[in-house]
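Note that the structure is a prediction, hence the values are computed from the model and not measured.
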Amino acid sequence: MLLLILFSRQLPLVTERKSWSSCVCRLIPATALLCIIYFIGSSYVAPENKEKAFTWGVADILQSSKVENCKNQWRPPGTEPLPEGIITKKSNLQMRPLWGFPKKDNTSTSLFTVAVGIKQKDLVNKMVKKFLSSGFVIMLFHYDGIVDEWKDFEWSDKVIHISAHNQTKWWFAKRFLHPDIVSEYRYIFLWDEDLGVEDFHPKKYVSIIEHEGLEISQPALDPGKSEVHHQITARGRKSIVHRRTFKHRANGTGCDSHSKAPPCTGWIEMMAPVFSRAAWRCVWYMIQNDLIHAWGLDMQLGYCAQGDRTKNIGVVDAEYIVHYNRPTLGGTAEKNHSTVEGGGRNKKSSHSHWKDPRVEVRRQSYIELDIFKKRWKKAVKNDKCWVDPYQ
């Protein structure tokens with residue numbers, strides 16, 4: 001009985017093994033047939049696929065390399081959609097004819113700019129003639145809004161005129177002399193209008209500052225004819241260039257051969273500054289957009305001197321000018337009527353006073369000087385990465 005039970009339990013297992021063996025036997029021919037079909041078909045398909053796979057692999061490598069190279073290629077912001085070869089990064093102020101092309105040998109290497117008013121046209125006329133004949137590009141900043149009256153001069157169509165009422169040369173410079181626009185010029189002259197140039201020769205001046213390595217400079221003032229505000233700007237008769245002044249003071253704050261800071265050395269006045277291309281790029285960024293008189297800027301010019309300010313900033317004695325001190329910016333005095341409130345309406349007061357624009361300009365200049373000093377101090381405090389080279 002027990003044997004029958006054991007036999008009956010083993011019988012299904014034997015049956016299952018036979019069934020599994022039969023299934024495997026049926027699968028082997030089918031699998032073999034599929035393998036044969038695959039290998040036969042691959043002899044026709046594989047070469048094409050291999051070629052495509054190789055091509056795609058190479059393309060991927062090249063594309064990856066191209067992307068990597070492009071990542072390392074600096075582009076000005078906004079030019080990303082353009083092919084690199086069509087991007088023009090610089091410009092200049094040379095006027096172009098409506099047809100034809102200007103001669104290449106007429107390309108100027110220096111730029112002369114001056115803030116002008118019609119009342120000073122006699123002095124401006126002499127300056128423009130001298131600089132034009134020396135191959136400079138000329139730009140006039142008309143602070144009184146008058147442009148048409150300059151058409152009487154034969155050179156009027158040869159210079160660039162920009163007009164904005166009651167704006168300073170620093171306002172114009174910040175907006176129209178961006179470093180990328182004037183980068184083709186080796187030197188940028190940014191002068192006032194009340195200067196005499198009878199004894200000044202632009203080409204000789206440029207050759208001197210190039211030879212002396214002056215990145216920031218000014219022509220000396222003729223002390224016999226000029227109004228000299230700072231001793232360092234007065235002409236020395238026995239030197240070509242001077243870079244410091246000497247002034248004895250009892251309290252020990254004077255200037256001597258050991259002085260290393262403005263206004264004893266590394267300093268010029270802002271009436272007739274001349275900047276190299278590199279120095280101007282630095283100075284332009286330091287000009288505050290809302291402080292149009294630029295007071296305080298002169299004391300910090302040394303940071304833009306491209307090195308030692310005691311060597312790279314100087315006053316040129318061999319080429320000098322006259323400072324006539326004829327301030328006209330701001331117009332004429334205006335009568336101002338003050339008003340008082342009373343009886344539910346505004347009434348004019350019985351008194352009025354004259355407002356002197358020169359006094360108001362000077363007052364504003366002192367206000368801006370204070371603002372600039374505070375901004376500089378704050379900037380130095382907040383920039384933890386900046387190192388003062390003069391401390």
**Q.** ILVMFWY network linking I209 to L221, side-chain heavy atoms under 4.5 angstrom
**A.** yes
**Q.** Residue pairs fulfilling salt bridge (Lys or Arg N to Asp or Glu O under 4.0 Å) with at least one residue in residues 125-139, sequence neighbours excluded
**A.** K126-E198
(Q) Could you check, using the six-membered ring where one of them is a Trp, whether H323 and H229 have ring centers closer than 6.0 angstrom? (A) yes
Q) Are the side chain of K169 and the backbone N or O of M271 linked by a donor-acceptor pair below 3.5 Å? A) yes
Q: Among Ile, Leu, Val, Met, Phe, Trp and Tyr joined by side-chain contacts under 4.5 Å, find the other residues sharing a cluster with I87 and list them by chain and number.
A: L82, I86
Q) Do any N or O atoms from the side chain of R326 and from the backbone of D194 form a donor-acceptor pair under 3.5 angstrom? A) no
Q | Least distance between heavy atoms, W171 atom then I292 atom | A | CD1-CG2, 3.7 Å
Q. Rest of the hydrophobic cluster containing F101 (Ile/Leu/Val/Met/Phe/Trp/Tyr, side-chain heavy atoms under 4.5 Å)?
A. none
Q. Nearest heavy-atom pair of F200 and Y320: which atoms, and what distance?
A. CB-O, 3.7 Å
Q: Share the residues that join V322 in a hydrophobic cluster, the rule being Ile, Leu, Val, Met, Phe, Trp or Tyr side chains under 4.5 Å apart at the heavy-atom level.
A: L123, Y324
Q | Non-hydrogen atoms of K158 and E154 that approach each other most closely | A | NZ-OE1, 3.8 Å
Q.
Taking the cut-offs as 6.0 angstrom to the six-membered ring centre and 45 degrees off its axis, would you call K174 and W284 a cation-pi pair?
A. yes
Q) Would N289 and R175 count as having a side-chain donor-acceptor pair, cut-off 3.5 Å? A) yes
Q: Answer yes or no on whether R309 is positioned over the face of Y390, meaning its NZ or CZ is under 6.0 Å from the six-membered ring centre and within 45° of the axis.
A: yes
Q) Got a sec: does the CG of D383 have more than 12 other heavy atoms crowding it under 6.0 Å? A) yes
Q: Determine the interplanar angle of the F131 and F112 rings, folded into 0 to 90°, and report it as parallel if under 30°, tilted if 30 to 60°, perpendicular if over 60°.
A: parallel
Q: With the side chain counted from C-beta on, respond yes when I268 and I313 share a heavy-atom pair under 4.5 Å apart, and no when they do not.
A: yes
Q) Judged by atom type as modelled, is there a donor-acceptor pair below 3.5 Å linking the side chain of T113 to the main-chain atoms of M139? A) no
Q: Tell me, with the steps shown, if W295 and D370 meet side chain to side chain donor-acceptor pair (under 3.5 Å).
A: CA-CA 9 Å; W295 276 33; D370 183 62; over 6 Å; no
Q) Any sub-3.5 Å donor-acceptor pair from S259's side-chain atoms to C255's backbone N or O? A) no
(Q) Would you say the ring centers of F141 and W191 fall short of 6.0 Å from each other? (A) no
Q: Name all pairs fulfilling the disulfide (SG to SG under 2.5 Å) condition that reach into residues 288-321, sequence neighbours left out, sorted by first residue then second.
A: C282-C304
Q.
Show every side chain to side chain donor-acceptor pair (under 3.5 Å) that has at least one partner inside residues 78-91, sequence neighbours left out.
A. none
Q: Could you state whether Y205 and L214 fall into the same hydrophobic cluster, counting links through intermediate Ile, Leu, Val, Met, Phe, Trp or Tyr residues with side-chain heavy atoms under 4.5 angstrom apart?
A: yes
(Q) Determine whether W280 and F189 satisfy the following criterion, ring-ring contact (aromatic ring centres under 6.0 Å, His included), listing intermediate values before the conclusion. (A) CA-CA 10 Å; W280 177 247; F189 291 61; over 10 Å; no
Q) Of all heavy-atom pairs between A278 and E215, which one has the smallest distance, and what is that distance? A) CB-OE1, 4.5 Å
(Q) Would you compute the distance between atom NZ of K311 and atom CZ of R244 and round it to the nearest 0.5 angstrom? (A) 11.0 Å
Q. Should I160 and F172 be regarded as members of a common hydrophobic cluster, given that ILVMFWY residues are connected when their side-chain heavy atoms come within less than 4.5 Å of each other, either directly or indirectly?
A. yes
Q: Answer yes or no: is there a donor N or O on one side and an acceptor on the other, between the side chain of K384 and the main chain of K381, under 3.5 Å?
A: yes
Q: Return yes if some donor-acceptor pair links the side-chain N/O of E184 with the main-chain N/O of V182 below 3.5 Å, else return no.
A: no
